Protein chains: 2
Amino acid sequence: MSNTLDKIDTQILDILQTDSNRTTKSIATELGMTTSPIFERIKKLEKEGYIKKYVAVLDNKKIGLKLTVFIGITLQGHTRSYLEKFVKEINNFPEVVECHRVSGNFDYLLKLVVEDIEAYETFIITKLTLLPYLGNVQSLIALSTSKETNKIDLSAVL
Amino acid sequence: MSNTLDKIDTQILDILQTDSNRTTKSIATELGMTTSPIFERIKKLEKEGYIKKYVAVLDNKKIGLKLTVFIGITLQGHTRSYLEKFVKEINNFPEVVECHRVSGNFDYLLKLVVEDIEAYETFIITKLTLLPYLGNVQSLIALSTSKETNKIDLSAVL
DNA sequence: GTTGAAAACGCGCCAGA
DNA sequence: TCTGGCGCGTTTTCAAC
């Protein structure tokens, strides 16, 4: 069980993060191998956690969630126990799809996907601003999105 | 072909955006139905574009891409043709996983996934700052990420 | 919508190299 | 570790209700 990925592994990962419904056979053909080793490698990649899960990617806008917003937050109190509580609360909001602790001009950066401006305001008023020790809050509303993927660049790690 | 989604559709979408390897049978059982209608609905959701694709979600850090960075960018020139060229260039960088045109203190917000601080600096120096008309550039480096998903909140659109 | 069943497909196993 | 092939299970399709 080597701890590192070879070229074939990264090629498999690259294919699966583009389309996880590809059959082992079609992957095998593309990589010039047979199904068995490809199958074994995929299972290994899953078992060792390189592949976390398989998901369907939905069309947010078509479904009715038309607005993406990023919110930069500065906190006034920084006690450890409070930070944990703050993060826990934030993570429980279903509108919040990402929560990062960041360095720079903010303490936290959130990414939200909501229906519209109203839903965004509702979130701010009924959820976010109820949290204590909130300092500066700055929103960046996505007017348009030219790229949005979670396909990461595996060529960098080859 | 109704233009809107009913409760069963959203339940199916919710299941699939959590785990796309669920069989139609297990979904049918969970929702108290038989496989056939579930199968038909899934195909319809795919065909009509509610489901865009199926992908494997990888463990960035385990694979060696340990750093997530958000970059806010202000441009100095705003001619339409330049904006299009700028976006096109940005979208071609494999490190960039998201590019949003935003309102607020920046014109664009990028999300990058790279190996480490060095790779980030390399990106800034050899790619980003070569683009003309670049104004203010501000980076937010993710120190830790407590939530990162693209599972959107379907309860809002029910 | 449901049921049931048949066909096609891909998975997973195994022996062999 | 890869090859190739076979059997099992599932998916998918297609009847009829």
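First the proteins, then the strands, lettered A, B, ... as listed; each starts at 1. Below, each value reflects all heavy atoms present in this structure, side chains not excepted, and no hydrogens, waters or symmetry copies. Owing to the predicted nature of the structure, the values given are computational and were not obtained by experimental measurement.
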Below 3.5 Å is the cut-off: list the nitrogen or oxygen pairs between protein and nucleotides 2-9 of chain C, distance only.
| unit_1 | atom_1 | unit_2 | atom_2 | d |
| --- | --- | --- | --- | --- |
| C/dT2 | OP2 | B/Thr34 | OG1 | 3.0 |

Checklist entry - Reckon B/Lys43 touches a base, only the sugar-phosphate, or nothing at all at heavy-atom distances under 4.0 Å? => result nothing
Item to check | Residues which pass side chain to side chain donor-acceptor pair (under 3.5 Å) with B/Thr126, listed by chain and number, not counting sequence neighbours | outcome: none
Item to check | Atom-pair distance (CG on A/Leu31; C1' on D/dT1), nearest Å | outcome: 16 Å
Item to check | Phosphate OP1/OP2 of D/dC2: any A/Arg41 side-chain N/O under 4.0 Å | outcome: yes
Item to check | Between D/dC6 (P) and A/Lys25 (NZ): distance, integer Å | outcome: 13 Å
Checklist entry - Would B/Asn91 and A/Ser146 count as having a side-chain donor-acceptor pair, cut-off 3.5 Å? => result yes
Checklist entry - Listed by chain and number, what are the ring pair (Phe, Tyr, Trp, His ring centres under 6.0 Å) partners of B/Phe39, not counting sequence neighbours? => result none
Checklist outcome for this item: Sequence neighbours excluded, the answer for ring pair (Phe, Tyr, Trp, His ring centres under 6.0 Å) partners of A/Tyr108 is A/Phe86
Checklist entry - Rounded to whole angstroms, how far apart are CD on B/Glu40 and C1' on D/dT12? => result 10 Å
Checklist entry - CD1 of A/Ile8 versus P of D/dT3: gap in Å, rounded? => result 9 Å
Checklist entry - In whole angstrom, what separates A/Phe39's CZ from D/dG4's P? => result 18 Å
Checklist entry - Atom CD1 of B/Ile42 and atom P of D/dT11: how far apart are they, to the nearest Å? => result 10 Å
Item to check | Protein-nucleotide distance (B/Tyr54, atom OH; D/dT11, atom P), rounded to Å | outcome: 13 Å
Next on the checklist: Considering only residues two or more places apart or on different chains, which pairs with a residue in residues 122-158 of chain B satisfy ring pair (Phe, Tyr, Trp, His ring centres under 6.0 Å)?
Outcome noted: B/Tyr82-B/Tyr133, B/Phe93-B/Phe123
Item to check | Rounded interatomic separation in angstrom, taking CG from A/Asn21 and C1' from C/dC11 | outcome: 14 Å
Item to check | Those residues that, when tested against A/Tyr54, pass ring pair (Phe, Tyr, Trp, His ring centres under 6.0 Å) (two or more places apart) | outcome: none
